[in-house]
Amino acid sequence: MIAAVAIALLLAKAGVYGGLMGSIMLAMTISMQNIMTFATDEKVDWKKYQKALPISNISVIASKYLSVLITLVVSILGSVVFSLVSCLIHAEFDAMLLGLSVLSAIRLHH
């Protein structure tokens, strides 16, 4: 919720760079969600419970990779949307800022 308000303020007040800053904030928020999920799995020893379920190790690993890919796509789409909204608000399009927004979304997921 706080990130959404901060992104809205960035889009409105940071000029054409608001889309880039909003993209970075979105990518950081989403990637932190993956990190916290994986850390929680380790903390509560999820592996022990996983062995009791009819789920293969390959399925578990694939699901973790899939979750990262899905959040990466969401982050990239959010970056494009934030950049375009910022361009519409400030009536100025900069392809380099759009590219930087997408690259930052990709880079922050690694």
Side-chain angles (χ1 to χ4, degrees):
M1 186 71 156
I2 295 170
V5 171
I7 290 171
L9 287 172
L10 284 171
L11 290 173
K13 299 293 182 183
V16 293
Y17 298 103
L20 175 61
M21 290 187 265
S23 298
I24 291 170
M25 184 173 286
L26 175 69
M28 287 174 36
T29 304
I30 290 175
S31 64
M32 285 302 296
Q33 185 64 38
N34 280 334
I35 292 168
M36 290 183 340
T37 300
F38 298 152
T40 302
D41 285 352
E42 292 294 321
K43 184 177 179 183
V44 298
D45 198 20
W46 174 249
K47 196 89 160 150
K48 178 174 63 174
Y49 299 107
Q50 174 190 330
K51 289 179 182 179
L53 298 172
I55 301 171
S56 70
N57 286 334
I58 294 172
S59 296
V60 171
I61 293 168
S63 69
K64 289 186 180 196
Y65 276 105
L66 185 61
S67 70
V68 170
L69 286 174
I70 289 170
T71 56
L72 175 62
V73 169
V74 168
S75 185
I76 290 171
L77 291 175
S79 295
V80 170
V81 168
F82 290 155
S83 292
L84 293 177
V85 167
S86 179
C87 291
L88 287 173
I89 290 172
H90 302 289
E92 184 178 340
F93 178 75
D94 190 346
M96 185 182 296
L97 286 176
L98 177 62
L100 284 173
S101 294
V102 172
L103 286 174
S104 66
I106 294 169
R107 182 64 185 133
L108 287 170
H109 270 75
H110 285 94

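Keep in mind that this is a model prediction, so the values were computed, not measured. What you see below is based on every heavy atom in this structure, not just the backbone, and it leaves out hydrogens, waters and symmetry mates.
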If you round to the nearest 0.5 Å, how far is [atom2] of [Y] from [atom1] of [X]?
| X | Y | atom1 | atom2 | answer |
| --- | --- | --- | --- | --- |
| Q50 | D41 | CD | CG | 8.5 Å |
| S23 | L98 | OG | CG | 8.5 Å |
| S75 | Q33 | OG | CD | 13.0 Å |
| T37 | M32 | OG1 | CE | 10.5 Å |
| D45 | K51 | CG | NZ | 8.5 Å |
| L97 | S79 | CG | OG | 12.0 Å |

Could you see if [X] belongs to whatever hydrophobic cluster contains [Y]? Use Ile, Leu, Val, Met, Phe, Trp, Tyr and a side-chain cutoff under 4.5 Å.
| X | Y | result |
| --- | --- | --- |
| L108 | V68 | no |
| V60 | Y65 | no |
| L77 | L66 | no |
| I24 | I89 | yes |
| L84 | V102 | yes |

*What are the two closest heavy atoms between S104 and S101, and how far apart are they?*
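Of all heavy-atom pairs spanning S104 and S101, the closest is OG-O, 2.7 Å.
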*Are any side-chain N or O atoms of S83 and backbone N or O atoms of V80, one a donor and one an acceptor, separated by less than 3.5 Å?*
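Judged by distance alone, no pair lies under 3.5 Å.
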*Donor-acceptor pair, S86 side chain versus F82 backbone, under 3.5 Å?*
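Not at all, since once roles are kept as given, no pair shorter than 3.5 Å links the two residues.
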*Check side-chain hydrogen bond (donor to acceptor under 3.5 Å, both in side chains) between T40 and all other residues, then give those that pass, not counting sequence neighbours.*
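If we apply the side-chain hydrogen bond (donor to acceptor under 3.5 Å, both in side chains) test to T40, skipping adjacent residues, there are no hits.
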*For L53, does the CG atom sit with more than 12 other heavy atoms under 6.0 Å from it, leaving out its own atoms?*
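Atom CG in L53 is crowded, with more than 12 foreign heavy atoms closer than 6.0 Å.
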_Heavy-atom count check: over 12 atoms from other residues, nucleotides or ligands less than 6.0 Å from F38 CZ?_
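Atom CZ in F38 is crowded, with more than 12 foreign heavy atoms closer than 6.0 Å.
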_Exactly one of L69, L26, I30 should register a side chain to side chain contact (heavy atoms under 4.5 Å, CB included) with V74. Which one does?_
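Output: one option passes, namely I30.
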_What I'd like to find out is whether the side chain of N57 reaches to under 4.5 Å of the side chain of K47, using heavy atoms alone._
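Yes. Closest side-chain heavy atoms under 4.5 Å.
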